[in-house]
Amino acid sequence: MTGTDVQKEAEDSGPSGYAAARLRLLTEGTRSGPPRRAALAELTDDWLTGLFAAGSEGLRGASLVAVGGYGRGELSPRSDLDLLLLHDGGDTKAVAALADRLWYPVWDLGLDLDHSVRTPAEARKTAGEDLKVQLGLLDARHIAGDLGLTASLRTSILADWRNQAPKRLPELQELCAERAERQGELQYLLEPDLKEARGGLRDATALRAVAASWLADAPREGLADARRRLLDVRDALHLATGRATDRLALQEQDQVAAELGLLDADTLLRQVYEAARLVSYASDVTWREVGRVLRSRAVRPRLRAMLGGGKPAGERSPLAEGVVEQDGEVVLARAARPERDPVLPLRAAAAAAQAGLPLSLYAVRRLAATVRPLPTPWPAEAREQLVTLLGSGRPTIEVWEALEVEGLITRLLPDWERVRCRPQRNAVHLWTVDRHLIETAVRASEFTRRVSRPDLLLVAALLHDIGKGWPGDHSVAGEIIAKDVATRIGFDRHDVTVVATLVRHHLLLIDTATRRDLEDPATVRSVAEAVGSQGTLELLHALTEADALATGPAAWSSWRGSLVTDLVKRVSAVLAGDAPDEPEEAAPTAEQERLALEAAATGSPVLSLRAQTEPPAGQEPSGDPEPLGVELLIAVPDQPGVLPAVAGVLAMHRLTVRTAELRSVHLPDGVDGSVLLLDWRVAAEYGSLPQAARLRSDLVRALDGSLDIAGRLAERDAAYPRRRGVVAPAARVSVHPAASRLATVIEVRSQDAPGLLFRIGQALEDASVQVRSAHVSTLGANAVDAFYVTGPEGAPLPGDEAASVARKLEETLRG
């Protein structure tokens, strides 16, 4: 059936015919994207025109006007109809009757309707009071009735908008900023709102409004395609869900990708991010231009000269060779010749970042159009300018994104293409891979005074996740890429090796510090062998912190920092040749020793609860103390079942375990027995913490078997079933035989959940193994726990027995 046939069916059959024609248009596979949106708008126009004609017989001075997205002819499958019934104020009773004849058929079909009935004067008054109404009327389009009435309103609204632009545009900019604050940035969100988030459809519409003011204009190259791509995704989302939604939820991304003919959900997100990045960049450039124009209007050159404030218009201040500042932007000098100066893009970018100024759009586009490629290896100046750019702190981000939008980054670093706009499906990560790399460089710039080779630190920060997007372990792939990149940009063989080592082992310190027993010499020696030198260790320490800080708030804390610092000290000692061969038990604190002695004397558990805001020993306090949660110290006479008992009692009281350490404490001479010390950090899921006396009472009952923890937890889970959500990956349990020669290390990676540690502890207890120490950490929704276990005789488990324990534990967690 042709488009003409569809329209004829709608006209001949009334509302039911329109519904059938609409359904046919949305389900046929021959049209999609702009043609389908335009056809849907045209079909709707014809239907509403028929309704208007039937209801307005004998009525003069009235018209039906589409506004907003419908006015632009951009009807998505579930878009609402934004309509204005315009009239000259004559026969108000007939106008009211006509409104009923128009609105009720729309509602009867279940379509969302945003409607109003106004005279031109009322419409102008409302627009003057409500910016959102005025924005919608800028896209007013005549559908039916008195064309002159509609045209007159359009002319008046546009004139009002242009006359009021100096006042209205700052209001619009503030509206956009407030929305961005609420909704976040579309180009980084895993479940973005295609319309409301920064860089989404609302911002694209705002750019149209700025252009309509004649005060400034957005950079148009690629903007229409970006808008079209976002609209296409919204269309597919409406069809996939059957709802008028703009939020691209995780569970719907595969279906939306299939609707668009894309490979997978990651490909979909990359396309969304690319479009959003272009819209965001265009917005930044446009609002800077609006600000410049408004400032120049507010302070005329003559008045500025009289007052002696500021520079005369057009004055240029040199920043670097071929680079100057003008009107608050970095532009190319008149004598600059990009076609003869391949280092100019990096020099201009470094100068802009150092000055804290944006790069002019026109400068970036000229560079992209004319600059020659850098030779291989890069000249020393190019490498130095890259390091300067990376070391400029927060201004680096805006400058880097300007180069990115115009394709200059991938021309300088071709391997960047694989990480550009690549999503990270991990709630701990705030950013896409490419933005995370730049954020890491920004964080690393704060640590350049801590290391002897800040240039290697900054380049390693830029490249540490460059292997993401390649098959296999991204650290292994990244090492190969980093060698190639570092060689290409001109580092010597030694420096290339250091950069590659940093990329290969950028997770080594944090993983080892939080998941391994630092008292075990094998742990420290393995790190020392991987790092190789004091200089590399120093760089890796700074890179580790920068990487974690750039990941998100869940990835770093004072506690994690103290563990990494402790590990670095131990590894440094090994590298210096004076590390002990055998583990030395860490001396308990006075509080720990007091609890241990009391537990030994009474033969029962004792505990203390206290909020911790002070940094752990060995870490410098900050000006603003970081709340680390609540420290729970428990001393228990050594006996079977301690780990599941404690974990189960905490789960019963709805306490979330953030970190957990378990170790045996030797008592002073003359005191018999052995005591287990548990140093845990916990937080209440909601409400306040339980009293320490109640926790101790339940722990005593759990240890003597009179408290059925498993049954209590099962009853609670049955009474409060968990909500459906994204299906988490299955738990994974692995054995690390080389991690210690004193015990077998079993590592558990799983989705964090109430009672998880209880289930793990119970499973290890059932396997008749002894937990020598435990190192539990929670990172966002993920738990990564390491357990040092031995057999009944205190020796590491044989290989086959360790594999069997791991397999049974994995089956328990997956069951």
Side-chain angles (χ1 to χ4, degrees), residues 425-426 428 467-468 471-479 504-527 529-530 544 555 560 563-564 567 643-644 647 657 659-663 727-753 755-791 795-815:
R425 295 186 176 277
N426 185 326
V428 174
K468 289 186 174 178
D473 186 335
H474 77 278
S475 298
V476 176
E479 178 184 18
R504 173 66 180 87
H505 297 298
H506 68 273
L507 296 174
L508 177 64
L509 295 183
I510 191 71
D511 283 354
T512 303
T514 58
R515 303 170 190 174
R516 294 292 179 265
D517 185 355
L518 303 189
E519 302 295 335
D520 192 325
T523 298
V524 180
R525 276 198 296 267
S526 67
V527 175
E529 290 170 2
T544 299
R560 291 179 190 278
L563 290 181
V564 170
L567 174 60
L643 177 61
V657 178
T659 65
E661 297 286 336
L662 179 153
R663 60 188 175 93
V727 178
R732 180 180 176 184
V733 181
S734 54
V735 179
H736 296 264
S740 173
R741 61 185 180 83
L742 303 176
T744 298
V745 178
I746 296 179
E747 184 175 89
V748 179
R749 297 178 180 230
S750 175
Q751 185 82 355
D752 191 29
L756 172 66
L757 190 54
F758 166 72
R759 295 173 65 197
I760 294 173
Q762 191 63 58
L764 292 175
E765 191 73 22
D766 293 343
S768 299
V769 299
Q770 296 180 355
V771 180
R772 180 174 176 269
S773 67
H775 307 270
V776 175
S777 61
T778 304
L779 199 61
N782 299 294
V784 182
D785 307 335
F787 301 90
Y788 285 65
V789 302
T790 64
L797 303 178
D800 55 348
E801 186 178 341
S804 175
V805 171
R807 185 170 56 253
K808 290 177 181 177
L809 178 55
E810 192 170 271
E811 290 171 356
T812 298
L813 296 178
R814 293 186 177 189

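Here, residue 1 is the first one in the sequence, and each next residue gets the next number. None of the values given here were measured: they were computed from a predicted structure.
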Distance in Å, Arg515 CZ paired with Arg749 CZ, rounded so as to fall on 0.5 Å steps
4.5 Å
Just verifying a value: how many Å separate Gln762 CD and Leu764 CG, rounded to the nearest 0.5 Å?
9.5 Å
Quick one, Arg516 with Glu747, criterion side chain to side chain contact (heavy atoms under 4.5 Å, CB included). Give me CA distance, side-chain angles, the key distance, then yes/no.
CA-CA 9 Å; Arg516 294 292 179 265; Glu747 184 175 89; 3.3 Å; yes
Salt bridge or not between Glu661 and Arg663? Use side-chain N to carboxylate O under 4.0 Å.
no
The criterion is ring pair (Phe, Tyr, Trp, His ring centres under 6.0 Å); which residues satisfy it with Phe787, sequence neighbours excluded?
none
Glu529: partners by side-chain contact (heavy atoms from CB on, under 4.5 Å), with sequence neighbours left out:
none
Are the side chain of Thr744 and the backbone N or O of Leu797 linked by a donor-acceptor pair below 3.5 Å?
yes
Exam field: side chain Arg560 to backbone Thr514, donor-acceptor pair closer than 3.5 Å:
no
If you measure from NE2 on His775 to OG1 on Thr523, what distance do you get to the nearest 0.5 Å?
8.0 Å
Search all heavy atoms of Leu813 against all heavy atoms of Ala731 and return the closest pair with its distance.
CB-CB, 3.8 Å
How far does CG of Leu509 sit from OG1 of Thr544, to the nearest 0.5 angstrom?
4.0 Å
Is Asp766 salt-bridged to Lys808, cutoff N-O under 4.0 Å?
no
So CG of Leu756 and CG of Asp785: to nearest 0.5 Å the spacing works out to 6.5 Å
Please answer whether the main-chain N or O of Tyr788 pairs with a side-chain N or O of Ser773 as donor and acceptor at a distance below 3.5 Å.
no
Which atom pair, heavy atoms only, marks the closest approach of Ala530 to Leu508?
CB-CD2, 3.7 Å
